[in-house]
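What follows is a short report on a single structure.
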There are 2 protein chains.
Amino acid sequence: MASIKDVAARAGVSVATVSRVLNDHPSVSADARTRVLAAVGALGYRPNAVARSLRTDQTRTLGLVISDVMNPYFTELARSVEEEARALGYSVIIGNADERPDLQDHHVTTLLDRRIDGLLVSPTDGGSPRMLDAARTGTPMVFVDRWIPGVDVPVVRSDGRGAVRDLVAHLHALGHRRLAIIAGPAATTTGRERVDAFREALGAYGLALPDAYIGQGDFQADSGRRVTEGFLDLTEPPEVVFAADNLMALGALDAVRARGLRVPDDIALAAFDDIPWFVHTDPPVTAIAQPTRELGRAAVRALVDRVEGGPGESVSLPARLVVRRSCGEPAPPQSPSPVRRSTS
Amino acid sequence: MASIKDVAARAGVSVATVSRVLNDHPSVSADARTRVLAAVGALGYRPNAVARSLRTDQTRTLGLVISDVMNPYFTELARSVEEEARALGYSVIIGNADERPDLQDHHVTTLLDRRIDGLLVSPTDGGSPRMLDAARTGTPMVFVDRWIPGVDVPVVRSDGRGAVRDLVAHLHALGHRRLAIIAGPAATTTGRERVDAFREALGAYGLALPDAYIGQGDFQADSGRRVTEGFLDLTEPPEVVFAADNLMALGALDAVRARGLRVPDDIALAAFDDIPWFVHTDPPVTAIAQPTRELGRAAVRALVDRVEGGPGESVSLPARLVVRRSCGEPAPPQSPSPVRRSTS
DNA sequence: CTGAAAGCGCTTACAG
DNA sequence: CTGAAAGCGCTTACAG
C-alpha cells in the first residue's frame, strides 16, 4: 500500500508538503498542491489512519457498548448513534455486552485500548472497575438509556414515568385491577425505575403491587417466559402482565400461547419499548414507545461535546403510550374498505 | 495515560524488556518479569493498540459491511460474526450500508483506512470501485450471504434452492396455483437467485411465473407494501405472495391488513429468512430459515484463514422450510393443555 | 511556501 | 537475558 513517502517522491515534494495538502493547510503553493493531488490520484493513496491517530492522539472513533444488539430497541439505538456520529465525522465501534458484565468489561477494555475518543455506554450492571476507572480518569463518556448512579457522567435517556402512568390509567379504565410486572435486572436503572414507576402509578388508584406480582426477569425473552409461567401458576393470576422490555413481552406471549391461553382474553399484556413487530403480533401489543432515534442523536451530540472539551449535556426525553389490542381494548372500527377483495 | 516508558522507568528496565514480558517473549528473567508486572499493575498500564498496530502492521480487527442492521437476519449475522471473531482474538467493526451503494463505499473506505486485517462484506450492489480494488490488491476479503460474480473472493452463503422447492411443493399441495414473488434488487445475487429458484420450482409443477407476478422490491418493508398493493390491484391477484426477505414480508402483511383483508384467507404469504417474530405474527409466517449463526461463524473462519495466508474456503449451507400458518395450512391440533385456565 | 527533523508508543533484529 | 536503536506512517513546530 502506497505511503506518504511514495506520494512525496512522485510529486517531487517533501512528505511535509504532502501532509499539508492532505490536511488543507493554507500555506501550500497551487503548483505543489496540484502535483500532490495528481500523485495521490495516480497511486490511489489513502492516508493510514492508524499512523495519523498515533501522531494526533485522536482516532475520530466513538465506542458504543450496549446490552444486547438482538434487542430491536438497541439495534435502532445503535443505528441512530452511527448515523449521527457519521454526520459529525466520527466512526463508531459497537460492543455487544449481551447483558453479561464480563463481556461488557471486555468491550470497554478493548475500546479503551484502541484509544477511542469517547465512550457511549448503556451499562449492564453497576459498572465494571475498568469503566468506572475510565470515567474517573476523564475519558469522555456518556450513559445512554441506562446509567450508574453516583458516577459523574452525563446521561441521555427517556423518562417513562408519564407513559407508565398513562398505561396504568388505561388498564384501570379497561377494568383491570390485578396488575403484574416482569421486571428487568435490579442492577440496571431501567430495571428498577420501571417497577417503581409502575408501583407509584398503581398507588394513585389505590392498587397495590404485591411481591407475587413482581417477576424478576433479565430483559431476555426466556425470562419473560419463565416469569409468566409463574404468574399463570398463581392461585390468583394477574389480569395483566406488563413486561419491562420487548423481549420479555415476546417470552410472555410464548408462555401464554404454550398453555393454550389467549391474549388478551385470558390475560392481558403490555410492554415497555415499542418495535415495528408489535403491530403484527397476535394481538398487536400495547406498548410504551421511547424516542429512540432522538436518544441516539442526543447521546452522540453530548459525547462529541465532551470530546471537544464541552460539559456534555444530560437529556431526558419523554416516552409515550401506544395503545393497541393486547389489553382487551375494544376492536378498532374495522374499516369497511371500499377495496376490491381478492377472489375469495 | 501511562506509556511503556513509564512502566520501564518504574520497573527499572528498558522498554524492550517491558515489551517482551507483555508479549510473552521467552527470554526474560523471572525477576525482570515480576518487576514489570508489578509496575504494570501499579500504573494500570494498558498497551496502546494504535501504536502496536502501526508497528506490527496488523490491527486484529475485521470489518463487516452489511446491507441493513435493522434487518433481524443481518443483526443475527453480525452478532454471530462478532462472537466467532472474539473467540479467535479479533474485534469487528460493523458498517451499515442501509442498502445504499454510497454508504457501502463510505464504510469500505473507512475500514480500509483503518487498516483492518480483513473484510467481510454482503454487497449491496455490483460492488464499489473501492471494494473491487481492495479485492484485487489482495486485501483479505470474503463475501457473506450476497456476493459479486466474477470477483475472486471466497463466498459463504446459504443455498435456498432446496428450501424454495419444498416451499413450492408445500404451496402446491395446499392447492395454490397463482404464486407471486416480491423480489429483492436485481443488483444483488440473493435478489436474483431467489426469483430464479422460485421460477424453476414452479416450472416443475408446470406453473409459470408471469411478469405481473414478479414485483420489484428492495429488501425493505416499504417496497413489500407497495408491491403487495400492486398485486392486490391486479384483475387476477395471486393466491400466494412469497417475499424474498423478512422485511418485505412485514410490508406485505401491512398492505394486506390495510385493505381489511386477511392472511391467509384472502391471500397467503411466505417469506425468505426466518426470525423469532414470525412465530408471533398474525398469522405465524411460513418461512425459509437460513442457518444464520453457522453462516457467521463460517465466514469469520474463512476470513481469518485468508488473513493468515490460507486460501479461505467458500461454503454453502442449505436453508430449510419452516411451515406455519400463513399459507392456509390446517390449524395445528390445539393442544387441549391440561392446564388451569386463568379465572374467566 | 517549503523541508529537515522530532516524536507519537510500540516491536524487534542486532550486539553484547 | 538485556538494552540501544531503528522504524512503522504520519503531523507539526521550527528555520529558512
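Order of the sequence lines fixes the chain letters, A, B, ..., with proteins taken first and strands second; residue numbering starts at 1 for each chain.
Considering R297(A), R301(A), R293(A) as possible partners of E83(A), the one that fulfils the salt bridge (charged side-chain N to carboxylate O under 4.0 Å, His left out) test is R293(A).
Note: CG (L112(B)) to C1' (dG9(D)) measures 16 Å, nearest angstrom. Rounded to an integer number of Å, the gap from Q58(B) CD to dG9(C) P is 21 Å. Atom C1' of nucleotide dG9(D) and atom CG of D113(B) are separated by 13 Å, given to the nearest angstrom.
The shortest distance between the side-chain N/O atoms of S27(A) and the OP1/OP2 oxygens of dT2(C) is not below 4.0 Å. Taking only side-chain nitrogens and oxygens, S29(A) comes nearer than 4.0 Å to OP1 or OP2 of dT2(C). Between S14(B) and the phosphate of dG3(D), there is a side-chain N or O to OP1/OP2 separation shorter than 4.0 Å.
Counting only Watson-Crick and G-U wobble pairs whose two key distances fall under 3.5 Å, DNA chain D forms stems of three or more stacked pairs at C:1-3 with D:14-16, C:5-12 with D:5-12, C:14-16 with D:1-3.
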Begin from the C-alpha positions of T61(B) and R114(B) and carry the test side chain to side chain donor-acceptor pair (under 3.5 Å) through to its verdict. CA-CA 9 Å; T61(B) 301; R114(B) 280 161 198 270; over 6 Å; no
Output, in order, the C-alpha distance, side-chain angles, deciding distance and verdict of side chain to side chain contact (heavy atoms under 4.5 Å, CB included) for V300(B) and L120(B). CA-CA 8 Å; V300(B) 170; L120(B) 228 40; 4.2 Å; yes
From CA spacing to verdict: side chain to side chain contact (heavy atoms under 4.5 Å, CB included), V7(B), L22(B): CA-CA 11 Å; V7(B) 177; L22(B) 259 22; over 6 Å; no
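In this view, D113(A) and R46(B) satisfy the salt bridge (Lys or Arg N to Asp or Glu O under 4.0 Å) rule, not counting sequence neighbours.
Nearer to the 5' terminus of DNA chain C, by closest-nucleotide assignment, is the contact made by H25(A) (compared with the other of L54(A) and H25(A)).
We find the OG1-CZ distance between T137(A) and R130(A) to be 10.5 Å, quoted to the nearest 0.5 Å. Here CZ of F143(B) is found 12.0 Å from CG of L303(B). Values are rounded to the nearest 0.5 Å. To the nearest 0.5 Å, atoms CG (D6(A)) and CE (M1(A)) are separated by 12.0 Å.
dA15(C) and dT11(C) are spaced 22 Å apart, taking the P atom of each and rounding to whole Å.
Side-chain contact, T189(A) with R157(A): no donor N or O sits under 3.5 Å from an acceptor N or O.
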Footprint string (nucleotides 10-16 of chain D, 5' to 3'): B base within contact, S backbone only, - free, heavy atoms under 4.0 Å: BBBB---
